Amino acid sequence: MATQPIEIYNTLIRKKEKFTPLNSPFVGMYVCGPTVYDDVHLGNCRTFISFDLIYRYLLFVGYKVRYVRNITDAGHLEGDRDEGGDKFAKKAKLEQVEPMEIVQKYTVGFREVLRMFNTLSPSIEPTATGHISEQIEMTKQIIEAGLAYESNGTVYFNVEKYSQKNNYGILSNRKLEELLEGTRELEGQDEKKGRLDFALWIKAKPEHIMRWPSPWGWGFPGWHIECSAMSTKYLGATFDIHGGGMDLIATHHTNEIAQSQVCNHCEPVKYWMHTNMLTVNGIRMSKSAGNGFLPLELFSGNHKLLDKGYSPMAVKFFMLQTHYRSTLDFSNEALQASEKGFERLMNAVSTLEKLKSSGKSSSDIKSLCAKCYDAMNDDFNSPILLAHLFDGVKTINSINDGKATISKEDLSLLQKTFHGFIFDVLGLKEEKPATNNDDLLNNLMAMIIEMRNEAKEKKDFPASDKLRNGLAKSKITIKDTKEGTTWEKEK
RNA sequence: GGUCGGGUGGCCGAGCGGUUAGGCAGAGCUCUGCAAAAGCUCCUACAGCGGUUCAAAUCCGCUCCCGACCUCCA
């Protein structure tokens with residue numbers, strides 16, 4: 001279906017390259033999922049919406065994709081410092097509940113928000129706690145390979161030893177010496193041999209509620225090993241795409257590569273893809289900066305930074321108007337612009353459904369449709385795709401106004417392309433409340449419109465305007481078109 | 001401090017050697033009883049200073065700002 005091969009920007013080589021799956025048409029894709037100890041925040045959502053777009057497009061052009069996105073529900077340390085700050089235990093103590101209650105609560109919340117954003121479910125959504133034995137196995141293998149050591153019940157990965165034969169900084173494009181310079185001397189690090197060493201298994205302290213038995217005593221897995229274990233289990237030693245936020249490159253993904261490399265003796269991932277950060281007034285939206293708002297606050301408008309609420313689709317459309325590798329800055333003005341743009345696009349989609357063909361096409365529809373594929377093939381460039389779709393919107397409206405024409409064949413192609421890209425690829429959906437299945441409202445509206453039209457025929461405009469203004473107070477908009485009077489209710 | 005990535009019209013945001021990106025806002029016109037919607041037209045920018053080139057927003061150098069990572073975060 002694609003008119004040209006897909007090009008993907010690979011973090012590994014820092015440029016775009018042709019996408020060739022290892023076992024076409026099968027594609028393995030792993031994306032680092034959320035840590036479910038708090039509400040998902042919008043930055044997470046952007047990453048998952050971006051990979052949803054990628055997943056959807058790969059499916060759209062015919063690939064058979066296994067999309068794995070983990071749920072991190074096992075406590076990992078605050079960094080690799082041995083401070084024992086199990087996030088789940090901390091939160092549980094604060095909320096006076098079981099750690100697994102925290103996990104349950106935020107997992108459900110996370111799925112609910114992504115459902116509102118109309119993202120597809122991954123093929124597999126494995127949890128870290130469900131794969132403890134795999135993580136212990138992997139840790140054992142790394143110890144056997146001589147690249148990890150136990151120290152007082154905690155197991156560390158020996159980065160400097162690994163670096164003798166491997167390029168540890170391959171993903172972050174940094175040299176070991178530079179990395180070593182960057183580290184700081186921290187307290188309580190006596191257990192570690194090297195400053196860059198990171199934990200594979202962490203000894204549980206009395207306050208840690210989440211704990212499992214292991215060859216090194218009771219403890220819990222380090223943060224990075226879960227992804228190595230689960231990606232290997234479900235996608236194999238080497239798979240096609242691994243994704244996540246850019247902030248994961250330097251530490252998480254770097255460590256993941258090292259672990260997998262030691263266990264599987266090969267580079268784990270062919271294409272590394274990273275999404276950029278979400279910012280608010282130019283500053284990264286983050287938990288620690290406290291400049292974020294939750295998706296539900298954004299939808300309701302119930303936040304001091306927001307003038308009003310924005311629907312999930314308006315927000316998603318806003319995100320799709322920016323390329324996934326660019327930072328995206330939130331502002332009320334930008335959100336309002338997207339809200340209107342989205343509405344215009346969706347109006348054109350409904351116009352397109354009832355459009356009539358006649359004679360020859362007055363514009364090159366085939367070329368327009370091909371451009372949509374080209375845009376997505378170029379590293380999933382959704383802003384360009386939307387620009388082409390808006391060219392289509394102009395064409396659709398012109399045809400509807402009788403100022404342009406379209407052939408039967410082209411109309412069918414345009415309908416198919418619009419439908420495919422807007423609903424299947426971008427994953428947008430109509431949000432207007434269904435007015436058709438409310439008989440009472442429909443009947444009342446039909447009556448009011450009839451009364452108004454009678455008034456209009458008698459040129460009694462004060463009366464017709466009174467009806468229209470009255471309806472406006474109930475957020476119902478009246479439109480007089482050539483085909484008659486229509487109405488719609490604001491959501 | 002080190003390593004990356006940026007600075008594009010009123011706002012958002014593509015492009016990354018030669019073409020009107022696109023959306024929103026604003027102005028005018030067409031349609032309309034008036035609106036709304038839609039269409040057409042206008043608004044033509046690339047932080048600054050040098051350099052390379054027939055040609056630079058796009059390449060190179062310097063300067064000034066901003067951000068990210070190096071410490072949990074997608």
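Bear in mind that the values here come from a model prediction, so they are computed numbers and not experimental data. Naming: A, B, ... by sequence-line order, numbering from 1 per chain. In what follows, every heavy atom counts, from backbone to side chain, and hydrogens, waters and symmetry copies are set aside.
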Original post:
Under 5.5 Å between ring centres and under 30° between planes: true for A/Phe461 and the base of B/G33?
Top reply: yes
Original post:
Any cation-pi pair here, A/Arg325 with A/Tyr9, using under 6.0 Å and within 45°?
Top reply: yes
Original post:
Just checking A/Gly33: base, sugar-phosphate only, or nothing, at a heavy-atom cut-off of under 4.0 Å?
Top reply: sugar-phosphate
Original post:
Could one point to a donor on the side chain of A/Asp480 or the base of B/C34 with an acceptor on the other under 3.5 Å away?
Top reply: yes
Original post:
Does A/Arg46 get its side chain close enough to the base of B/A74, under 3.5 Å, for a donor-acceptor pair?
Top reply: no
Original post:
Does the pair A/Lys340/A/Glu343 count as a salt bridge with the N-to-O cut at 4.0 Å?
Top reply: no
Subject >> Atom-to-atom span, CG of A/Asp379 to P of B/A14 - whole angstrom >> reply: 12 Å
**OP:** Compare side-chain N and O positions of A/Lys403 against OP1 and OP2 of B/C40 and report whether any pair is under 4.0 Å apart.
**Re:** no
**OP:** Anything under 30° is parallel, anything over 60° is perpendicular, the rest tilted; go ahead and classify A/Phe117 against A/Phe299.
**Re:** perpendicular
**OP:** Kindly write out the residues that satisfy ring pair (Phe, Tyr, Trp, His ring centres under 6.0 Å) with A/Tyr234, not counting sequence neighbours, or none if the list is empty.
**Re:** A/His131
Original post:
If you check the A/Phe318 side chain, which of B/C11, B/C12, B/G22 turns out closest?
Top reply: B/C12
Original post:
Is there a donor and acceptor pair, one atom on the side chain of A/Asn400 and one on the base of B/G39, closer than 3.5 Å?
Top reply: no
Subject >> A/Arg344 vs B/G23: side-chain N/O to OP1/OP2 distance below 4.0 Å >> reply: yes
What pairs of donor and acceptor atoms, side-chain ones from residues 392-406 of chain A against any protein atom, are under 3.5 angstrom apart with sequence neighbours left out?
from: A/Thr395; atom 1: OG1; to: A/Asp391; atom 2: O; distance (Å): 3.1
from: A/Asn397; atom 1: ND2; to: A/Val393; atom 2: O; distance (Å): 3.3
from: A/Ser398; atom 1: OG; to: A/Lys394; atom 2: O; distance (Å): 3.0
from: A/Thr405; atom 1: OG1; to: A/Lys360; atom 2: O; distance (Å): 2.6

Original post:
So what's the dot-bracket for RNA chain B: Watson-Crick or G-U pairs under 3.5 Å, [ ] if a pair crosses, | if it pairs off-strand?
Top reply: (((((((..(((.....[...))).(((((.......)))))....(((((..]....))))))))))))....
Original post:
A/Asn397 side chain N/O closer than 4.0 Å to the phosphate oxygens (OP1, OP2) of B/A38?
Top reply: no
**OP:** Examine B/A14: is either OP1 or OP2 under 4.0 Å from a nitrogen or oxygen in the side chain of A/Ser326? Give yes or no.
**Re:** yes
**OP:** Please state how far atom OH in A/Tyr324 lies from atom P in B/A14, giving the value in whole angstrom units.
**Re:** 13 Å
**OP:** Could you say whether A/Ser338 or A/Ile478 is positioned toward the 5' end of RNA chain B, judged by the nucleotide with the nearest heavy atom to each?
**Re:** A/Ser338
**OP:** Provide, to the nearest angstrom, the distance between the CG atom belonging to A/Asn276 and the C1' atom belonging to B/G5.
**Re:** 8 Å
**OP:** Pick base, sugar-phosphate or nothing for A/Gly43, based on heavy-atom distances below 4.0 Å to the nucleic acid.
**Re:** base
Subject >> Verdict with reasoning, A/Asp465 to A/Arg452, per salt bridge (charged side-chain N to carboxylate O under 4.0 Å, His left out) >> reply: CA-CA 8 Å; A/Asp465 287 350; A/Arg452 181 167 167 275; 5.2 Å; no
**OP:** Return the orientation label for the A/Phe330 and A/Phe318 ring planes: parallel under 30°, perpendicular over 60°, tilted otherwise.
**Re:** perpendicular
Original post:
Using the ring of each side chain (for Trp, its six-membered ring), is A/His242 parallel, tilted or perpendicular to A/His253, with breaks at 30° and 60°?
Top reply: perpendicular
**OP:** Would you mind reading off the distance between A/Gln321 atom CD and B/A21 atom P, rounded to a whole angstrom?
**Re:** 17 Å
**OP:** Check the distance between B/G23's P and A/Leu328's CG and give it to me in whole angstrom.
**Re:** 19 Å
Subject >> Nucleotide B/C12, atom P - distance to OH of A/Tyr310 in whole Å >> reply: 14 Å
Subject >> Per A/Leu248 side chain, nearest of listed nucleotides B/A36, B/A74, B/G33 >> reply: B/A74
Subject >> Spacing of A/Phe117 atom CZ relative to B/A74 atom C1', expressed in whole Å >> reply: 13 Å
Original post:
Just how far, in rounded Å, is C1' of B/A36 from CG of A/Asp465?
Top reply: 12 Å
Original post:
Using a cut-off of 4.0 Å on non-hydrogen atoms, how would the nucleic acid contact of A/His323 be classed: base, sugar-phosphate, or nothing?
Top reply: sugar-phosphate
